[in-house]
Amino acid sequence: MSKNKQTTGHKAAHSSQRKKEVEARSCIRYRCGLTNTIQDVLNHRPGWVEVKDDAEWDFNWCDVGWLRENFDHSYMEEHVRICHFRNHYELTRKNLMVKNLKRYRKTLEREVGRLEAAKCDFFPRTFELPSEYHIFVEEFKKSPGNTWIMKPVARSQGKGIFLFRKLKDIIDWRKDGSRSEEQKDEAQVESYVAQRYIENPYLIAGRKFDLRVYVLVTSYIPLKAWLYRDGFARFSNTRFSLSSIDDQYVHLTNVAVQKTAPDYDPEKGCKWQMQQLRWYLTAKHGFETVQTLFKEIDNVFIRSLLSVQKTIINDKHCFELYGYDILLDQDLKPWLIEVNASPSLTASSQEDYDLKYRLLEDTLHIVDMEGRLTGKEKRIGGFDLMWNDGPVYTDVGLEALGSSCLVANTHLGCVNDREKQLQQLLKPFPGQKKT
Amino acid sequence: MMDESTELSVSITQIVQRLKGTHLHSQLEKQAKECLHKPEIKLETLKDDVRRVLKASGWERKLQNAVYRELHVLPPPGHPRAPPEHTKEPLAYMLKAQASWEKRILKSLNSMCTELGIPLARKRPVMEQKELTNKWNEMGTDEPDLSNFRPVYAPKDFLEVLIGLRNPNTERSDDLTVKSHWGLIQVSLNVHDIPQMRETYAELGLSYGQLGIDDHTHVPPDLFESEHIHIGKKVVSEQDSAAAQQYSRQGCPTGLRAQLWSLILNTTNDPEDITHYEQLKARVIHHNLLVDNLIYKDVKLTASNDDYYFVFEDYLYQVLLCFSRDTAVLEHFNYNSASPPKSSIQSKSGSEQCAVVYPPNGVIPFHGFSMYVAPLCFLYNEPSKLYSVFREMYIRYFFRLHSISSHPSGIVSLCLQFERLLQAHLPQLFYHLREIGAQPLRIAFKWIVRAFSGYLSTDQLLLLWDRILGYNSLEIVAVLATAVFAFRAENLMEVTSLASAEAVLADLSTLKVMPLLQIFLFATSI
């Protein structure tokens, strides 16, 4: 690949830096380990060319397996970008996330105070098993009759999850002869977390749902995180009731699990767009209540990221698109269920495909392989800058508001007029004529 | 014709008659009696003092709202010698057409009943009653075998009937002249044109702020939205029905809409209403009706398959099954050209046949009926509240969309208005579509019958229904249908078949209704 001399412009430090990195290449070589929506997005991007096998690449959308095997042995030039952080599992493995959050909370309590630490109380009581078995049992006995949920630490799509109310249930499970040898081996190797089950989820028309929200982190030190306006609410296909905790179809809202439920109808969407949900909640509870709710949801993202800020190995080559799973309870309090480093990019419907396509397209805009941004942007397409080494506020005219009325720059579930915004923001791709 | 003052006194008498004996009446009496204990009430000025107290405590407002509500459903006073049918529908040929359409529907229902060997009504055995009570909140999980049931009719069947309507008094020349009507509706009714509508719908004009336009992200909220929300909150706290209706013309804020609509429709959620709903629920538990299966089928085919409404499946059963059994709905047949269908059943002794209204509320659901309820689920989630609002909306507006009448909000007028507006303002498009065998009404009819429910995105639909309530008329539905054609005119001019025309207009989910309406009403050159 020939390397062209890059042109320097009279721009801010960031963009000239990025430009140096980008070196005005005539094309960007990408590697893609997945065969779903991301393939299409990369394929359609002007000036991007796929490379395979051992060829050199500028951009890599890899799966975590590849990362684990190859990251440490790869040398990456300055401009190169890859879609995961080396030790993302500090945030995404359930036991590690809980550990990091607990530690962060303790630090806050010690350094700032109880009130500040209470802002981290968005994850249900969780214990790692088998290592924390005894403290778990203590907690369990304190509140008899509560339901708990057992989750394998490293698996996804709802596999291996079950609910229980009696200690006897998990003792039986560990000894369960009906499980295959293979499963038993796995169980011995992997850990589980036992978590207080949220028994009073917010229901819409009797159905439980959770929220999938997308957060893009381009740097941990300093922390820079973007929040996508679109997302969706995933509904359970059946009505919620605590009486049948064996019916995992009721309690788990993962689309993957819903797909296997006997009355699942693939033609029936069981998702609502985030805008729909936000609009529904506003109609039910009023504007101010919902405004507060979404502010609290922002808090979940920010605190969870801050809690792993010092643990994650920061690397300017890395960025990561997280899929956050949030559950609301009847008091409209958001709870963090899980963070996914590889949120599903497979589409379940045309609408879903369009959402994920836009999401990935905007992700690539932010990663900015083409060096078109100044670095001062607060909004790129459907992404709003949520945290930039500190909270980010919208550019609202200060004459209209008092200084106490700073408005956060996040718009989850709001109108996503990204095309218009992108047109105004971005210069055309090199080689493309401006329309 | 009666003079104004006589008309007024007749109306007053009628309203007083209707309000006598209602719950509100007894509450007012109770309040009046209680305030006699107050020290400020003097015997000399008893009447005025009591009135003053009732006003201050908000009871006068409640009475005002109730009167206002009665005015909405009160038919215009007719000639003292006119028969009651005249109130239902003044034009004899329309009444006749409606009656024969009803005969057909009932025949279809009866034959389905005979074919399938299922009774029109059946008392549930105790076990079944218990089961249903347990499952009341999740009837959607039931999977009854509905394959043998078919909807009694679909909108397109109804359209054929409307197309066949003829006024026997007009002379029909078989030559088509330039002046003749190009559309499918061949009766002449008085419908409004754009200049008239500009006056009626003045608040939708370019100089007024609108929700649906001026709350757009790029418009700073100080220009309209904040003030409008502020006024909305005041209207709600004043509990003024008439003010709410006026307010709704510029759109209801999402957070206030549920309360505002409830005010406009004067629906309450008093213990009385809850009891009424529970009674209806009890009737559902005790008896199974054949129409229940039609309801199930309709919900499964329409709302359950909708991306927005699938969540509310259970609510729809809870509302529609009760609705079928609500004999209070029969009252609206006084001003509806339709009459409740009667079915003959054997009397207990088996010797006689007597006619009973079937279903008890007199309304046979058709394919898509559940879509009248579905959007309301976004606003109300207590079943009795949801029920009251739906029922009131039905007896004020929705019934007109499936009965043949000459009323300006009736389906015939709406269809005619749509065609006339299209012919007057988009003649080239109309002509083109006619030539390729794509009569515009064939495409727009399904939107009009459902007042666009299920075709627009929910937030847009509710902005449209805000105006239906605000102007107390369904006319805006016909105007929107025309505005949609105007919006997609360019693409429609390119198509060469009905199927491709349908395809161009298949997806309305991205449309913004208020700009379309505003442009069509106020920016079309006339």
| query | If you measure from the Lys or Arg side-chain nitrogens to the Asp or Glu carboxylate oxygens, is any gap between R207(A) and D314(B) under 4.0 Å? | reply | no
| Interface moiety of E351(A) toward chain B, non-hydrogen atoms closer than 4.5 Å | side chain
| Heavy-atom proximity to chain B below 4.5 Å, by part of Q273(A) | neither
| request: Under 4.5 Å heavy-atom distance to chain A, tell me which part of I229(B) shows up: side chain, backbone, both or neither. | output: neither
| query | Centroid-to-centroid, F390(B) to Y372(B), below 6.0 Å? | reply | no
| T458(B) versus chain A, the contacting section by heavy-atom distance below 4.5 Å | both
| Aromatic rings Y357(A) and H44(A): how do their planes relate, parallel, tilted or perpendicular, breaks at 30° and 60°? | tilted
| field | Ring-ring centroid check F312(B) F378(B), cutoff 6.0 Å | value | yes
| note | Applying a strict 4.5 Å limit to non-hydrogen atoms, the region of N381(B) in contact with chain A is both
| Straight-line distance of L332(A) CG to H285(A) NE2, nearest 0.5 Å | 4.5 Å
| request: Measure distances from Y308(B) to the heavy atoms of chain A and classify the residue's part below 4.5 Å as side chain, backbone, both or neither. | output: both
| query | Of the backbone (N, CA, C, O) and the side chain (C-beta and beyond), which part of C252(B) lies under 4.5 Å from a heavy atom of chain A, both, or neither? | reply | neither
| message | Using ring centroids (six-membered ring only for Trp), state whether Y280(A) and W272(A) fall under 6.0 Å. | response | yes
| Near-ring test H411(A)/F294(A), centroid separation under 6.0 angstrom | no
| query | Of the backbone (N, CA, C, O) and the side chain (C-beta and beyond), which part of K135(B) lies under 4.5 Å from a heavy atom of chain A, both, or neither? | reply | neither
| task | Under 4.5 Å, counting heavy-atom pairs only, tell me which of E288(A), Q275(A), K284(A) racks up the most with chain B. | result | K284(A)
